[in-house]
Protein chains: 4
Amino acid sequence: MNSPETPTCAPPRRARRKQARPGELLDAALSLFVEKGFAATRVEEVAARAGVSKGTLFLYFPSKQALFKAVVHENAGRHLREALGEVAGYTGSSAELLREFLRRWWTQYGSTPAAGLCKLIMGEAANFPDLARDYQEQVVQPSHELLRRVLQRGIDRGEFRPVDVALTVPLIIAPLLQLVLWQQWPADCMPAPPIDPQALLAQHTDMLLHGLRPEAARP
Amino acid sequence: MNSPETPTCAPPRRARRKQARPGELLDAALSLFVEKGFAATRVEEVAARAGVSKGTLFLYFPSKQALFKAVVHENAGRHLREALGEVAGYTGSSAELLREFLRRWWTQYGSTPAAGLCKLIMGEAANFPDLARDYQEQVVQPSHELLRRVLQRGIDRGEFRPVDVALTVPLIIAPLLQLVLWQQWPADCMPAPPIDPQALLAQHTDMLLHGLRPEAARP
Amino acid sequence: MNSPETPTCAPPRRARRKQARPGELLDAALSLFVEKGFAATRVEEVAARAGVSKGTLFLYFPSKQALFKAVVHENAGRHLREALGEVAGYTGSSAELLREFLRRWWTQYGSTPAAGLCKLIMGEAANFPDLARDYQEQVVQPSHELLRRVLQRGIDRGEFRPVDVALTVPLIIAPLLQLVLWQQWPADCMPAPPIDPQALLAQHTDMLLHGLRPEAARP
Amino acid sequence: MNSPETPTCAPPRRARRKQARPGELLDAALSLFVEKGFAATRVEEVAARAGVSKGTLFLYFPSKQALFKAVVHENAGRHLREALGEVAGYTGSSAELLREFLRRWWTQYGSTPAAGLCKLIMGEAANFPDLARDYQEQVVQPSHELLRRVLQRGIDRGEFRPVDVALTVPLIIAPLLQLVLWQQWPADCMPAPPIDPQALLAQHTDMLLHGLRPEAARP
DNA sequence: TATGAATGAGACTTCATTCAT
DNA sequence: TATGAATGAAGTCTCATTCAT
């Protein structure tokens, strides 16, 4: 029943490459912007890393600023929403819910290239205020809101001791963000043993759950 | 009653300004570099903010890069070492020692302009690897080392439960660094109620001490 | 009768220009450097004289200094070696050989734009010592060596009276160099009748051959 | 009979230094301009070599160009006129007169710092056409005129063979000028044995007198 | 008169962007 | 669509000149 115009399988190679161009450029731009910053990255480098010429880049993005905004919008929000959306309907213990949040945050966001945005946005917020606002709305606030609900649920169910939720959320987030930034740091400038993300997250979880344990729950 | 022949001590105006110039330029450069990044900051802006002309800047720093390095070396290490040095000979409880560490870190470093370096170095590490290394050695490692000793002391004296010290130190530092970064974020891109540093630090301390409380100590 | 499908051989216009660019820029640079000196020549002038914009020059030469060095290496040696190389295998009289040397020196070197290097190198030797050394080795010494052999041949064959060859060579060269320098002098600063190069060279030849005539040969 | 206001001997040291300032500056400027060219010489270097500060230079010369013109006018003409003036009333043989001319030209002009002007004017003629004209009138033409008279005298008295005087004069001058230029060349760019001025001038004289010897005079 | 800090016009150089091919 | 040569605005840096001391 498939018409010949709609083959289910892969399109011919050339066409696929053409389709992929913007994505390859966005990937190249993301990694370079994260590495060197917006201003210090030359469009020619981006084009070269994507395997095209400088002129071609401008066929897909009208300016360097537009490329930057596309990079942010492409990577912001989507990954994180996908990663955390499913946490919403959880039914188990709040401790396990918090564990799951941290686990997903890392596997589906913090360890992906999209995490580079944390550093990028941080450095360029003052130069691109509208982007910074978008990022706040699409990434920061949703994840904070989600964490707030997780904490509140635990407190309400007596699984966590009562704490100031609005203040505790940033304390949970901070090591996650910092972990991402530490990962971006150039390897040859780091002290001898690099941080093991899994171990750090485990320790973070452990400290959090100890810190949140209700007084009454202690033997 | 001062006769005009006895000017108390003021040096001639020009000379006094000359003394002050490098410092004024470094302050201006620090704030602008932190705000906009190294590449996006023009030397003319730095000069203007310091109240001098473009050419004057080059009387004191041979290049924009040299200015940047001077900014980092001027602000790195010194403040932090002064702030934390006195913690070393502490004799009270380890909980109070940890509290003191966090308090000093904020009042004498995190709340000063020098804290902007955290963001700056983060963004420019890849472009100035030698500076990044210096910063690691002069700022990051000393403060980590100090915290390691504080934790170990608490564990040894039975005041803290045994934890992996090497992993816990970054967890204590992360919210401090992140707090600084959040403060740098342009005000008009932030959600409604800005974070109160004092409150956040208090909550951080509380969570930490709960998280470190020995099992045996619980009633 | 050419069909539009068979364009004879012209490469696309852009490409042909690209081929020609370095040469055009070197020619423009040579004439301007000779005219005004290295420091007083602006790269924008060079580009304008070559019919391109400032930026284009930097596509072909990484800096003004590199342009200068390319100008010297492009013009030094090659012309002169080509011009004088064929004198080597000469079989006629030494007087005629000397005549031929002076004739060629002028037609194939002294009267070409490359002769401007004499003045240029003279003025910039202290600022570009390595170039000055190259010029000594590639231009000055070879032509001196050649002249030495011509003189020695004449003396050995009894056609010239014995003279100190090492001292006489510079005396033969000096008027040639000076002639070139006089030609470079701006026309409106010269006294009424400008020097006629051909006549001056003829007189130089005449004086030289009289000066070298053996005593014995006189009637 | 000397009033106390007009002491014949040297004035007090400070005053003499003040008097000498412009001269010291002119000497410093001459040597630096000759060495590096006008544009590549910084006024600060000139001041430093004269032992004063940059500002002081501008008390004596209103601009860098004015300094350059003063350098030229100070050194042009005067030395040469003094050196050659006395040749005018000569009564001996024309050969001896020519010898005397060459001897004086070297000892009283070519070997003095003022000779650097030859190179300087050569390089800057296009940038300072009015100075080039002055130099032509005050230096070049007078010495050419003088040589013309020497040659004509020799021919008229039958001591020299008849030659084209206007063409021969430059041939006599050329080695003198070239000798000066060779002396200016930085030492470390020269071939092994440097030219001995005295020997070269002797050879030049010898070649000239041989070249000018009348046919009739030969045995 | 002498100083040297300060200035700002102008030079070299980079690089985002355009456009003929 | 893709290229890469060409452009020129904008940035860094120099240095002749000024001026308060």
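The figures that follow rest on heavy atoms only: side chains count, while hydrogens, waters and symmetry mates do not. Per chain, numbering begins at 1; letters A, B, ... match sequence-line order.
- Smallest separation of non-hydrogen atoms from C:Val71 and C:Asn75: O-ND2, 2.8 Å.
- Distance check: D:Leu131 CG to D:His73 NE2 gives 5.5 Å after rounding to the nearest 0.5 Å.
- The minimum heavy-atom distance between D:Ala39 and C:Ala40, with the atom names listed, is CB-N, 4.1 Å.
- Residues of residues 36-43 of chain A having a heavy atom closer than 4.0 Å to DNA chain E, listed by number: A:Thr41, A:Arg42, A:Val43.
- A donor-acceptor pair under 3.5 Å links the side-chain atoms of D:Glu45 to the main chain of D:Arg42, judged by distance alone.
- Counting to the nearest Å, the P atom of E:dA11 and the CZ atom of C:Phe58 are 13 Å from each other.
- One interatomic measurement links the two molecules: CD of B:Glu44 to C1' of F:dA10, which rounds to 11 Å at whole-angstrom precision.
- Between D:Phe128 and D:Phe38, the distance separating the two ring centers is shorter than 6.0 angstrom.
- Within the 4.5 Å cutoff, side-chain heavy atoms of B:Leu57 are placed close to those of B:Leu67.
- Between C:Arg133 and C:Pro129 there is a side-chain heavy-atom pair separated by less than 4.5 Å.
- Distances shown here put every side-chain N or O of B:Thr56 at or beyond 4.0 Å from the OP1 or OP2 atom of E:dA5.
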Cut-off 3.5 Å, no hydrogens considered: what does the side-chain donor-acceptor table look like for residues 23-33 of chain B, sequence neighbours left out?
unit_1, atom_1, unit_2, atom_2, d
B:Ser31, OG, B:Asp27, O, 3.4
B:Ser31, OG, B:Ala28, O, 3.0
B:Ser31, OG, B:Arg49, NH1, 2.9

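- Pairs of residues two or more places apart, or lying in two chains, that qualify as salt bridge (Lys or Arg N to Asp or Glu O under 4.0 Å) and include a residue from residues 58-69 of chain B are B:Lys69-B:Asp130.
- Without hydrogens or angle criteria, D:Lys119 side chain to D:Val34 main chain gives a donor-acceptor distance under 3.5 Å.
- For DNA chain F, the residues of residues 45-55 of chain B within the heavy-atom distance limit of 4.0 Å (strictly under) are B:Lys54, sorted by number.
- Separating the CG atom of C:Leu32 from the P atom of E:dA11 is a distance of 14 Å, rounded to the nearest angstrom.
- Distance CG (C:Leu57) to C1' (F:dT7): 13 Å, rounded to an integer number of Å.
- Without hydrogens or angle criteria, C:Lys36 side chain to C:Thr41 main chain gives no donor-acceptor distance under 3.5 Å.
- Atom CD of C:Glu24 is separated from atom C1' of F:dA5 by 13 Å (rounded to the nearest Å).
- Taking all atoms of both residues into account, the shortest heavy-atom contact from B:Pro22 to B:Phe61 is O-CZ, 4.2 Å.
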Could you spell out the base pairing of DNA chain E in dot-bracket, with Watson-Crick or G-U pairs whose two distances are under 3.5 Å, [ ] crossing and | to another strand? .||||||||||||||||||||
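- When all heavy atoms are compared, the tightest approach of D:Cys118 to D:Tyr135 is SG-OH, 3.8 Å.
- The stretch residues 59-70 of chain B comes close to DNA chain F through B:Ser63, B:Lys64, each having a heavy atom under 4.0 Å from the strand.
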